[in-house]
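What follows is a short report on a single structure.
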Number of protein chains: 2
Amino acid sequence: MDNLLKYIHSLTEFSEESWELLQPALSKKQYKKNEFLLHEGHICNSLFYIDSGYCKSYYEIDGAQKNTAFFFENDIATNINSFGSGEKSEFNIIACEPLAAVIFDKQKLFKAAKQSNEIEALGRNCIRMFASKQEEFSTLFKLYSAQDRLNYLEVNHPDMVQRVSLSQLASFLGVARETLSRIRKRRTSV
Amino acid sequence: MDNLLKYIHSLTEFSEESWELLQPALSKKQYKKNEFLLHEGHICNSLFYIDSGYCKSYYEIDGAQKNTAFFFENDIATNINSFGSGEKSEFNIIACEPLAAVIFDKQKLFKAAKQSNEIEALGRNCIRMFASKQEEFSTLFKLYSAQDRLNYLEVNHPDMVQRVSLSQLASFLGVARETLSRIRKRRTSV
DNA sequence: CTAATCCTGTGACAATCGTCACAAAATTAT
DNA sequence: ATAATTTTGTGACGATTGTCACAGGATTAG
């Protein structure tokens, strides 16, 4: 829980009392590689704080996996729409490596938030961070070419480029596997 | 303010008392066409509830406008990252038509939120809606081709396709103006 | 260690897209 | 109403991308 506490302190003011109040909403869980954190068709009632390892969200379309996000250490993974609205998730979240997460239970989190403004503020900040991240990646597609998007990731999210395989990165960047391979070749030779 | 009140009620429980408490944070403003709601380089300290008309956010890159979002009646427009973090905005928000907005002032909104859990919840819901929307459009690029993205907009956001000109829509869909014109031609002839 | 599986690179070719250029159509301003 | 401006359509052409196919390399499972 040490990493989580540090993470929380980096986001917002947080007293020891709030931390105690938050405990009932938290649980640790280990996932094996390829184990699901969230299944398509299920309702997302959790926020997943990633303590170690990483996971991805993906849609299954015509039998192919289309990756829409990667979540690493100190990220919060969730389906923000399903979590907020209670609707079924249209995508999956799956561990890409052995993964350790701290799970925030929605109901218990809301109960705790009512008892502490700091917990309330924490929740708001998590959602805001999530929104900023979505905006960032959404903007990439409108401003840049596929090649520029790869550049951007290499500069701003080098960890992602290093840890995620080319095949996995391709759908995230909105191009075919082969195209990403050729882009990389063009880039390195220049 | 009638529309705003309806909008709030559609999102969350909201007592008359909360409504009264919220008033000091609100102000109405009319914008002319091409007037800025938010300027690049400025800090975003407002949420803009769009009462009538519509606006867009865009980056200015190499002298060209790259549109990243459109906000219509009953939408909240803002730079969620700048609003939350206090950093300068990297993009502009500009009225595309004569526009009437209700502006939420950040400082006063936070003050009001401390006095009412319902206002607090409203703020959280607005951010969540914003995050969902970003996620929706971000996903489009990873799952679909340019043609499919246009299809999606026509089905799920017909108002946008109707009200926004082709040139404006193009950068939002991540393609050149000419390409969008040809995609539309292909589509209608099939 | 060996076999099976997965990942990456690459060739070929057609489809799509970006860019430049210009004309027609639509909209806006005076 | 007329002129000015903006928006849209389209041709040409080169660049980029998707798709199919296959081979070599890396990784994983047993």
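Every chain is numbered from 1 and lettered A, B, ... according to where its sequence line falls, protein lines coming before strand lines. Model, not experiment: these values are computed from the prediction.
- Straight-line distance from the CG atom of B:L150 to the P atom of C:dT16: 14 Å, rounded to whole Å.
- Distance, A:I183 CD1 to D:dA15 P: 16 Å, rounded to whole Å.
- In this structure, of C:dG18, C:dT10, D:dT10, it is D:dT10 that holds the atom nearest to the side chain of B:K185.
- Side-chain atoms of A:S181 lie closest to C:dG9 of the nucleotides C:dG9, D:dT16, C:dC7.
- For D:dT7, neither phosphate oxygen OP1 nor OP2 lies less than 4.0 angstrom from any side-chain nitrogen or oxygen of B:S165.
- Atom pair B:R149:CZ and C:dC17:C1' shows a separation of 11 Å (rounding to whole Å applied).
- The CG atom of A:L166 sits 14 Å away from the P atom of D:dT27 (whole-angstrom rounding).
- Distance, B:N34 CG to D:dT6 C1': 12 Å, rounded to whole Å.
- Between the side chains of B:S116 and B:S18, at least one donor N or O sits under 3.5 Å from an acceptor N or O.
- Between B:S167 and D:dT8 there is a side-chain polar atom (N or O) within less than 4.0 angstrom of OP1 or OP2.
- Nearest nucleotide to the side chain of A:E178, out of C:dT19, D:dG18, D:dA21: D:dA21.
- Within a 6.0 Å radius of CD in A:E13, no more than 12 heavy atoms belonging to other residues, nucleotides or ligands are found.
- Contact check, A:R184 against C:dG9: a side-chain N or O comes under 4.0 Å of OP1 or OP2.
- Judged by distance alone, the side chain of B:Q134 and the main-chain N or O of B:F130 form no donor-acceptor pair under 3.5 Å.
- As rounded to whole Å, 10 Å separates atom P of C:dG18 from atom CG of B:L180.
- Within 3.5 Å, a donor on the side chain of A:R182 pairs with an acceptor on the base of C:dG11, or the reverse.
- Annotation: of the two residues near DNA chain C, B:K33 and B:R177, the 5′-most nearest-nucleotide partner is B:R177.
- Here the side chains of A:F137 and A:K133 are in contact, with some heavy-atom distance below 4.5 Å.
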Which atom pairs, one a donor and one an acceptor, fall under 3.5 Å between side chains of residues 90-105 of chain A and the rest of the protein, sequence neighbours left out?
from   : atom 1 : to     : atom 2 : distance (Å)
A:N92  : OD1    : A:E40  : N      : 2.8
A:E97  : OE1    : A:R163 : NH2    : 3.3
A:D105 : OD2    : A:Q107 : N      : 3.3
A:D105 : OD2    : A:K108 : N      : 3.0

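- One interatomic measurement links the two molecules: OH of A:Y144 to P of D:dT16, which rounds to 19 Å at whole-angstrom precision.
- Atom CD in A:Q147 sits roughly 15 Å away from atom C1' in C:dC17 (whole-Å rounding).
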